[in-house]
Each structure stands twice: as C-alpha cells, then as structure tokens.
Amino acid sequence: MTLGKTYSYLAAVDIETKSLIPDPNGALIPHLSVITVIGLVAQSGDRKVFRGPEAIDECCEYIKQNNLGVIGQNFKFDLRKIIFDRPDLEQFLMERWVGDTLLQAHNLPDKVVDSFLAQYELKREHENDELPKGYTHRKAGALSLKVLAPYFLGVPPFWEDPTDHDNDEYVLKDCEYTLRLFEYFDKRFKEEFPAAGRFYEECQLPWTKMLLKVEVTGIHVDTDKMSQKEYDAVTDRSEAKLILDGMWATIQQEITRKSEGDLQARYEAMALTAIEKLKDKTKAERTHERYANNYAQARAKLDTSINLASPKQLLEVLSEYRGYDVRDFDGKTSTSKEVLQKLAQEGHEDIKTLLKYRSADKLANSYFPAYKLFLRKDTGTMHTTFNPSGARTGRLSSSKPNMQQVAPVLRDMFTARPGYKLVTKDLAALEPVLIAYYTQDPRLMEIVQSGMSFHCVNTKEVFGLQDVPLEEIKHRHADLRKIAKEFGLSVLYGAGGNRVQKSFLKQGVSRDIAQCKQYVYKLRDTYAGVWQFKEELDSMLQRGDVVYNYMGRPIVFNDPEEVYMKGFNRLIQGSGSDILQAAAYDISQEPGCQVLLLVHDELVVEVPEKRAEELERRVEFHMTKWDLTNDTGTVKLKVEGGIDLCWKK
DNA sequence: TCTGAGAGCGCC
DNA sequence: AAAGGGCGCTCTCAGA
C-alpha cells in the first residue's frame, strides 16, 4: 500500500451510532442518528476512545498531530456520518482516507467459503440464545468484519453486546481487527494478486470516495410534486379497490359465509370434545353456551375481507371463485404480473382493475413511505447509500432509498437546484457493444459498428425473414421483433429453449420446445464467435482462473457450477458498470460537474445552468472515451439523453 | 413475539 | 443435461 509518503503511519477508525428515532434503522441514516463513540487504533499501538460533543474534533486533532493515514471497514459509512455532523472536515478526512478493508475483501480473489459462513451462522444462533429476550446478534455477511477477521486472521468469533453499543472494548476490538486485516490483505495483494490490488487501489477506492461525495450531496426533491404524486397513487389505489370490491361483492359474501361456517364448526367441535370430557354431564348445557359465546367473540374479531396483498387468498379468489387459469409459464400457480396480464388480455375486467391496484399500491406502499423517511426536510434533498460491494458483478447497489429502481413516472420529482440543470445520459446498447468488443464476433462487430439494430437483425435471422429489409422489420413484424428482443441477449448469456418458449408465451404465442431450441441454436450460430468466446471463458473460470474485466476488476468463481450462467454475464455486466463508474469519477473531477446518481448505465449530473451545453459535452466525452479496439476493429460507445430541469427518462 | 424465506415487483 | 444476470423493498406466512 502506498502511503503516498505523506503520512507517518496508519490508524483504523470506527464510529458507533445510535438511532434518534424508534426505528433502530435510524442508526444507519446520518440525519436520524448520533455518534456515541469513536475508536482509533494506530500502527504505533496507540488505542484511543473519543466521546461526547468534542469527539470528532479530538479524533481529527490526534490524526493531525500524529500525521496519520486513516482506514476503516466500510469507512464510507463512518465518514458520511462524520461529514454530516461536521461538513468543514470533509476535505481533511477525504485526503486522510487511504484504505478500506471492505473494499479490499470485495476485490481479493480469495473469498470466504460458504461452509465457514454456515458454521459462523450456527455460532451466532447459539450466541443469540444467551442474550436477554428481545436482543439478537444481526446476521453477518461474508464481507462483514465479524466474518472477515475470524476467517482471515484466525481470531475467535466476536460479537458486540447488543444491549450496549457504546462500549470501549468493542469499538477498539473493531479497530484493531480492521488494522490487522488491512495489513493482511495488503500483503496478499502484493504477493499473490497484484492486478487485483491495483484495481482496489486505483479504481475501487477512488470511486468509493467519489460515491461518498455523491451521497453527501444528495439530489433535490420537488416536495410539492412528491405530495401530489403520492396523493394520486393513494387515490388511484382506493378507486381501484372500490371497483374491485364491487365486482367481487358476491365472492366476498361467500368467503365470509364460509369462514363463519368453518369457525362455527370449529367451536362446536371444541364444545363437543369439552362436553365429552365432562364428569358432571349436567353442565353440558352451560359448556355449550360458553363455547357459543366464545364463538361470538371470535366471530367479532374475524376479518374475512380479501387481502389483496396475500398471494394465497388472491389465488383462491382467482382460481376457485372466478375459475381462472392461474398457471404461469412454468406451469406453477401464481398471481404474478405475467399471469394477470394474460388474464387481462383475455378481457377480464376485474383483472385489469387488479393490475391497476397493484401498481398504485406499489407506489403508495413501497416508494413514498421510504422517500418521506429518507428525505432531509431541512434541505429538501434525498441521500441514497451506494454499496460498492453490493453486487457480485461489480455493479453498485443502492439503498435507503434505492435510487436505482425509481419508477419512470416518479423521476421528474427529482430536480436540479435553483440555477442548475441536470444532464441525464445513458450508454446506449452497452451490453451488445461490450460483447462485440470482447468476442470479436464478426457479425456482432458489424452490427454495433454500423449502428444496425441488434434486435431487428435477430428477428430476421431467427425467424428466417431474409427477404424483408432490415428497416422494415420493426413495422412489418413488430410482434416477432418483440419476442426476439425478449430473448436475444439472454441466449448469448446462456438462456435455453425454456426461456425462449416463455418469451413466446408472454406474447400469447405457443411454440413447442423443440422449435424453441432451434431458435436458440440459430442465434448461437449467427453469433458463433460469441458462443465460442463464452465457452473458452467458461472453461477458464471453471478451472478457477482469475479473469480481469475491462477496468481490471477481478472475476473468480469458487463454485464451477455457477460459471455457465454467471461467468460471461459477470464479465460484460461488470465491465459496463465499471466503465460507468470510471466515467463518473472523471466527471466528478471536472469543475462545475456534480454527479448526483449512477444507475448502472446511466448518469445524472448537475451542472450550472449557464454552462449546461458545454458541460453536457464533457459528460458525453467521459462516458464515451473508452477504447474498445480489438484485433478486428473498434466499436464506439454511444450516449443518449439530454439536459433538463428534472430527472427524465 | 420474532425471524427468515418466499412471492411479488420496481429498476438496469 | 440444462441453465440469462444483477439488485432492494414490502408484504405474508410458517416455524421457532
């Protein structure tokens, strides 16, 4: 690890926080939590604990006095909270932050094995039994310090006291293990995986710093618009519910009657059993009365209304009372969207209403409550958390709230601050482009170089439409194109006949499996170079080789069984996502550009209104500057999107 | 009463 | 032999 010669030695720092709201999850959210204690363990052997209102200052003073570089385990979390409390220290801490054990572990090809995790889980359950009622040790993931330290350092498993988060001993142990792990990982990178070490140091760590800045900045929310949208969703939901209640009134009555009957029968049976056991048979009448009374009470509490959120109840209504075929494309009964859409297409009005209810309910229940919880009311900004180790591919994940799953209809409530505009750009057809680059397949190279439509070409090839000009496919064979689009990329990643059959069924067309397999072979044949590349890659990964993606991120599989389905996909998806992260990093270095969101292949960047067009070109440049030249030619990255006052798709 | 798995669904 | 992949969130339901 290069200390940059600037710092004398290292110290691991860890903070403990507690929630300011009843929900303990508040401890994870900067504006809903408070720091209880800061621990620091330095390579010098010094162990420090800082508390109280001066804790941050004293800690930083110690770091400065001793000229320390600072590391942590998922240190982005700690820094985000510290910077929230003390924005003036952002620059100082950002510079001092020189390492992270979570990011090291994420990129070390040697992973914690599943059997160790399972063993650890057993120990945790055992420990939980010893705890006072209501307290548990939270499940620890493969990248948590609680797993990493015992696995790689061989220290005994350790748990904090969940009744006392504000504990010197624990926070110091945390720091000590972090420091030891850091040195251990550093050594292993140097000795065994120098390329992975470089990726960690030159990409993963700087990118994570960029993400911290993105999180701290947040994205501005038009709260009036948000309220309006929530009101609309709630209204839509109750309207749909009302209509559905009307349509299903008789079913509701039948269900109520049936439940009452069942309940009554149960209580009568209980009464009979009780009476049989009676020694004094003269009390039979009174016993009977008592059970009748109990039944009346239970009846009053009985809720027989149909719970639309219960797949079990809904399934009963749809299949038994309405007589619908509720089998999905795998033949299993289900109330999933694909089943409901098929029924809606057959013209069932109740199902159309149910679908409306479902989507409004999703907005009202999943989106808005989270947005209201995580909105900073003083600034009107939303601050997601990006998890650099959230996905095995190297993609980011986003949570609290998840800004990578914002429904398109909700996007325009996220806006530029006054005086600014948003540049929203996505990398067009990123995956076909990267597949062409990697596999050198001549047909795919030709397609992405010439700008032909991947899906239209597939439609022609698969369905034997040689006579139809490419540009007419979209209009003359829209239905077939839709199906081909459904399974085109999937087949290149390893999908088979079943998957293709499903794509047909979704469009209301049934094809036998043999025919579907023919389509798969046809596509593999069309892109023979892709399939050949995939097979070579698979055999390397199955041997346990470490493969590096476009940006140098290591790819390795412990389980060879997983390779067929995940290997090629991980190379392509991970490369795409890393290109976007690298672009976001470079854009964040452009004066005037503030990256607000990363959504896998899309960036949202805030720029001063007056320089919008100029900076839009800078954003485009950084997103498309990556060299995709292979032995057969060069493919170019393209972006789509523009400038607006709000986030638009 | 609490937890964890599964269903379902939003996004790429 | 056959197999698209990657997430987070909310709800229900069953088991402890």
Side-chain angles (χ1 to χ4, degrees), chain A residues 25 121 124-125 128-129 131 133-139 307-315 328 332-341 354-355 357-371 373-374 384-411 426-431 435 486-500 502-503 513 516-517 520 523-524 530 534 538 555 561-574 576-577 580 597-603 649:
Chain A
N25 282 324
E121 186 59 14
R124 183 182 72 96
E125 279 165 16
N128 276 345
D129 294 342
L131 287 174
K133 213 171 147 53
Y135 289 98
T136 53
H137 294 299
R138 282 206 312 270
K139 196 168 180 164
N307 182 356
L308 296 177
S310 163
K312 201 179 158 200
Q313 291 183 32
L314 196 56
L315 211 57
D328 65 12
K332 290 190 309 245
T333 58
S334 158
T335 66
S336 64
K337 199 173 182 174
E338 56 184 28
V339 172
L340 297 187
Q341 271 171 348
L354 180 58
L355 279 166
Y357 173 87
R358 275 251 178 102
S359 55
D361 185 59
K362 179 80 177 172
L363 294 177
N365 263 1
S366 289
Y367 284 88
F368 290 109
Y371 290 159
L373 176 64
F374 295 119
T384 186
T385 300
F386 285 109
N387 312 302
S389 60
R392 288 268 27 130
T393 53
R395 270 190 174 186
L396 299 172
S397 73
S398 157
S399 58
K400 293 183 254 89
N402 183 350
M403 290 301 288
Q404 293 178 328
Q405 57 161 183
V406 179
V409 290
L410 300 185
R411 291 197 177 178
D426 67 283
L427 284 160
L430 183 54
E431 288 179 57
I435 293 174
E486 262 264 341
F487 65 74
L489 262 185
S490 315
V491 170
L492 298 188
Y493 285 134
N498 288 327
R499 179 69 177 73
V500 171
K502 211 188 233 183
S503 302
I513 191 72
C516 292
K517 281 183 178 169
V520 171
L523 216 48
R524 285 184 194 170
V530 173
K534 181 187 181 299
D538 284 359
I555 300 170
E561 294 279 308
E562 287 193 329
V563 169
Y564 181 92
M565 282 197 293
K566 298 179 178 172
F568 187 47
N569 182 273
R570 193 168 293 185
L571 176 70
I572 301 302
Q573 201 184 80
S577 139
L580 192 87
L597 293 175
L598 299 88
V599 193
H600 309 306
D601 63 0
E602 177 187 3
L603 283 180
K649 184 64 197 164

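All chains are named by letter (A, B, ...) in the order of the sequence lines, taking the proteins before the strands, and each is independently numbered beginning at 1.
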Would a 4.5 Å heavy-atom cut-off, applied to side chains only, mark N402(A) and T384(A) as touching?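 Side-chain contact under 4.5 Å: no.
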Heavy atoms, side chains only, cut-off 4.5 Å: are L580(A) and S577(A) in contact? no
Would L603(A) and L598(A) satisfy side-chain contact (heavy atoms from CB on, under 4.5 Å), going step by step from the backbone distance to the final call? CA-CA 5 Å; L603(A) 283 180; L598(A) 299 88; 3.7 Å; yes
Take atom CD of E125(A) and atom C1' of dC2(B), then tell me their distance rounded to the nearest Å.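 Taking atom C1' of dC2(B) as the reference, CD of E125(A) is at 13 Å.
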Validate the cation-pi geometry between K534(A) and Y564(A): distance from NZ or CZ to the six-membered ring centre under 6.0 Å, angle to the ring axis within 45°. yes
Say you draw a straight line from CG of L308(A) to CG of D361(A); how long is it, rounded to the nearest 0.5 Å?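 Result: 8.0 Å between the selected atoms.
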Give, for atom NZ of K332(A) and atom CG of D328(A), the distance between the pair rounded to the nearest 0.5 Å. 5.5 Å
Verdict with supporting geometry, Q341(A) and L355(A), side-chain contact (heavy atoms from CB on, under 4.5 Å): CA-CA 8 Å; Q341(A) 271 171 348; L355(A) 279 166; 4.1 Å; yes
For F487(A), check ring pair (Phe, Tyr, Trp, His ring centres under 6.0 Å) against everything at least two apart and list the hits. none
Which two nucleotides bound the region of DNA chain C that has atoms under 4.0 Å from heavy atoms of chain A, read 5' to 3'?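 Reading along DNA chain C, I get dA2(C) to dA14(C).
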Nucleic acid footprint by protein, nucleotides 4-12 of chain B - heavy-atom cut-off 4.0 Å, B for base, S for sugar-phosphate alone: S---BBBBB
Where each residue is assigned the nucleotide of DNA chain C containing its nearest heavy atom, which of R570(A) and I513(A) is assigned the position nearer the 5′ end?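 The residue closer to the strand's 5' end, by nearest nucleotide, is I513(A).
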Sugar-phosphate, base or nothing in reach of D426(A), heavy atoms under 4.0 Å: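 No contact.
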